[in-house]
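Written below as structure tokens is the structure these notes are about.
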Amino acid sequence: MATIQNIKGMRDHLPQAMLLRQHIVTTLQQVCERYGFEPLQSPVVEYAEVLEGKLGDDEKLIYRFEDHGGRRLALRYDQTVPLARVVAQYAGQLAFPWRRYAYGPSYRGERPARGRYREFYQFDADIVGSPSPLADAEIVALLSESLAALGFPDFVTLLNHRQIIGGIARISGLDETAAGGVYRAIDKFDKLGADGVREELLRSGVDPAAAEQILALVQIEGEPQAVLDELDARLANDERAVAAVVNLRAIVAALAGLGIPAARYTIAPRLARGLAYYTGLVFEAITPHWPEGSLLGGGRYDELIGQFAKRSIPTVGLAFGIDRLHDVMEQLKIGPQPTGTAVAFVTIFGPEQAQASMALASELRAAGLNTLLSLEPNAGLGKQFKEADRKGARFALVLGPDELAQGDVVVKDLRSGTQESVARGAVVEWIGNSLNLSTATP
RNA sequence: GUGCUUGUAGCUCAAUGGCAGAGCGCCUGACUGUGGAUCAGGAAGUUGCGGGUUCGAGCCCCGUCAGGCACCCCA
């Protein structure tokens, strides 16, 4: 007998969850298109070698398998590496800079936890083929507007730069290749505090003086300008870090120019991020209501696409975690709380009146109103009203013998409980007006 | 992948090793041609699954699957 259950870490999304998920995706899509992004979709399955060699340690989490022809395949780990493949493959057909968004599932063989699954949906947005700090700023602005549009009351985007983290490691006398443990320790600052990070640094072989220096740098906070001035001064001997500060200044200036409120972002030297392909700006959006992790993350990866294409194609982008956004919104009760998609429910008084009710439902649908038709001519009106209520329909319509004789329809507003007789020919208009009224004055 | 923890009706949870229960939900009816209120009835379970100990296991032991938490890492 087949096992009746879903795969660990992979979920079924029932209607109530799907309604919120679709709302999230639609909102993100609208914001993206407002910024001039175009849609892209690519397969979930890639040749394993396409994904290999780009992710560093995370590679062990890739789902791999062989197809019937013995080809080594893999489920995509994110949508960024497949994007790189697509860009390299179709470079001649794309107009750069290319702004694209993509939505779909990715797969990682991790231990599942709250907000973290083996099959998870991401909504990505990237600007391909521009090294300009304006591109970085557009991505961060897009992020900020998207979370605002979804109704997140408070979130902050932490901004940092790979070469600032690198500079912190270098100035402390560590060579870059051995600095992985340092990045990981730094990244835990918010969780472990200064003492915890110090302990972690010493354990990974950093000498005490260097550890103190790292801790001091990592704890710099304040207005973006002040933080950048401070980093500039302290990392003055490191050419690449200085360049990174200049880059971040340009990005922050552009964010101000784009009208993103200053409270929405901050320079955070402690932000590391694990993915190996980032080369410049890195960022994460966090909210105090979700201590488990970030809502989304991203950054600039100027060399990744070059691994597929013959020339380097600088790119910056981000990935929203739809499952995580959904979990947080559900917990915080933000966004719509829809119970269904129907506006109208057409009852059937009895077998004699069934044809008339069908015609009415058909007419409402033709007018673009989401309409449910009762499936039980022999059920009492009470039962049918109950169904209308549970499906979240706003209006229940009755076409009984009296109405048919008089040429009208009883329309009951299930939210207010009031009802009235409406001339048969005016029903669509009447419902339309009621909906407009109620959205104008909520 | 490692450690800890949980799994009982659709949901939230009770039940000293001794007859498996409650609330909510669900179904039927009382109510005029009408939901969400109230009242009266009803259905519902191989206690995640498989083994073991015991006269007797929801409870103890082993395994397994799934959820949660911590590590790891990230969306």
Side-chain angles (χ1 to χ4, degrees), chain A residues 1 3-11 14 16 24 28 55-61 76-80 103-124 143 180-181 183-185 187-188 191-192 200 271-276 278 282-286 290-299 317-328 339 345 347-350 352-353 374 379-404 410-421:
Chain A
M1 191 187 83
T3 308
I4 312 278
Q5 69 180 195
N6 49 338
I7 303 294
K8 181 190 183 105
M10 307 200 183
R11 305 184 296 164
L14 298 182
Q16 211 174 342
I24 294 170
L28 297 180
L55 301 167
D57 289 345
D58 295 337
E59 235 168 83
K60 57 179 188 277
L61 302 176
R76 69 180 175 211
Y77 178 91
D78 62 16
Q79 299 193 101
T80 304
Y103 170 66
S106 296
Y107 299 83
R108 296 181 192 177
E110 290 183 285
R111 185 77 175 259
R114 181 160 182 74
R116 184 177 182 188
Y117 308 95
R118 289 183 173 171
E119 176 184 72
F120 60 100
Y121 282 75
Q122 283 183 317
F123 189 105
D124 282 35
L143 170 184
Y183 298 161
R184 279 194 290 277
D187 201 34
K188 287 184 208 162
K191 197 183 280 183
L192 300 180
E200 191 106 345
L271 175 67
R273 290 188 64 72
L275 291 177
Y278 290 119
V282 290
F283 57 85
E284 272 181 17
I286 57 169
W290 188 259
E292 279 95 339
S294 58
L295 297 172
L296 70 272
L318 83 167
F320 293 90
I322 300 301
D323 303 273
R324 212 165 265 188
L325 287 174
H326 176 268
D327 287 351
V328 179
T339 51
F345 187 101
T347 60
I348 297 180
F349 191 87
E352 308 284 308
Q353 292 77 23
S374 172
L381 282 184
K383 195 171 175 183
Q384 298 186 43
F385 267 71
K386 192 165 185 173
E387 186 184 352
D389 183 48
R390 284 203 294 205
K391 296 295 181 192
R394 172 74 187 278
F395 302 100
L397 286 73
V398 181
L399 253 183
D402 296 350
E403 287 74 26
L404 285 170
V410 166
V411 183
K412 178 164 185 175
D413 184 335
L414 293 175
R415 208 158 70 187
S416 65
T418 59
Q419 68 178 45
E420 65 184 270
S421 292

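Each chain gets a letter, A, B and so on, in the order the sequences are listed, and its residues count up from 1.
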Applying a 4.0 Å non-hydrogen cut-off, can you work out what [X] is touching in the nucleic acid: base, sugar-phosphate, or nothing?
X: A/Tyr117; value: base
X: A/Lys391; value: nothing
X: A/Gly9; value: sugar-phosphate
X: A/Ala396; value: nothing
X: A/Leu325; value: nothing

Using a 3.5 Å distance criterion without hydrogens, assess whether the side chain of [X] forms a donor-acceptor pair with backbone atoms of [Y].
X: A/Asp124; Y: A/Ala319; value: no
X: A/Arg118; Y: A/Glu110; value: yes
X: A/Gln384; Y: A/Ile348; value: yes
X: A/Arg76; Y: A/Ser106; value: no
X: A/Gln79; Y: A/Gln122; value: yes
X: A/Ser421; Y: A/Val410; value: no

Please give the distance between the [atom1] atoms of [N] and [M] as a whole number of Å.
N: B/U2; M: B/A37; atom1: P; result: 50 Å
N: B/U28; M: B/C60; atom1: P; result: 41 Å
N: B/G42; M: B/U5; atom1: C1'; result: 38 Å
N: B/A40; M: B/G23; atom1: P; result: 12 Å
N: B/A44; M: B/C27; atom1: P; result: 16 Å
N: B/A75; M: B/U16; atom1: C1'; result: 48 Å
N: B/G67; M: B/G58; atom1: P; result: 26 Å
N: B/G7; M: B/C62; atom1: P; result: 16 Å

What is the ring orientation for A/Tyr103 with A/Phe123, classed by angle as parallel under 30°, tilted 30 to 60°, or perpendicular over 60°? tilted
Does A/Arg111 get its side chain close enough to the base of B/C74, under 3.5 Å, for a donor-acceptor pair?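 Side chain to base: no pair below 3.5 Å.
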Atom-pair distance ([atom1] on [X]; [atom2] on [N]), nearest Å:
X: A/Leu61; N: B/C74; atom1: CG; atom2: C1'; answer: 9 Å
X: A/Arg116; N: B/G67; atom1: CZ; atom2: C1'; answer: 15 Å
X: A/Arg118; N: B/A75; atom1: CZ; atom2: P; answer: 18 Å
X: A/Asn6; N: B/G48; atom1: CG; atom2: P; answer: 18 Å
X: A/Gln79; N: B/A75; atom1: CD; atom2: C1'; answer: 11 Å
X: A/Leu296; N: B/A75; atom1: CG; atom2: P; answer: 9 Å
X: A/Ile322; N: B/C74; atom1: CD1; atom2: C1'; answer: 16 Å
X: A/Ile7; N: B/U64; atom1: CD1; atom2: P; answer: 18 Å

Pairing nucleotide - [N], Watson-Crick or G-U, each distance under 3.5 Å:
N: B/U64; result: B/G48
N: B/G36; result: none
N: B/G41; result: B/C27

Per-nucleotide protein contact string for nucleotides 30-41 of chain B (B base, S sugar-phosphate only, - none; heavy atom under 4.0 Å): ---BBBB-----
Start with the C-alpha gap between A/Tyr117 and A/Asp327, add the side-chain angles, then the distance that decides, and say whether side-chain contact (heavy atoms from CB on, under 4.5 Å) holds. CA-CA 12 Å; A/Tyr117 308 95; A/Asp327 287 351; 2.8 Å; yes
Just so I know, are the side chains of A/Phe385 and A/Leu414 near enough to count as touching, which here means a heavy-atom distance under 4.5 Å?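 Yes, side chains in contact.
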Could you say whether A/Pro112 or A/Gly109 is positioned toward the 5' end of RNA chain B, judged by the nucleotide with the nearest heavy atom to each? A/Gly109
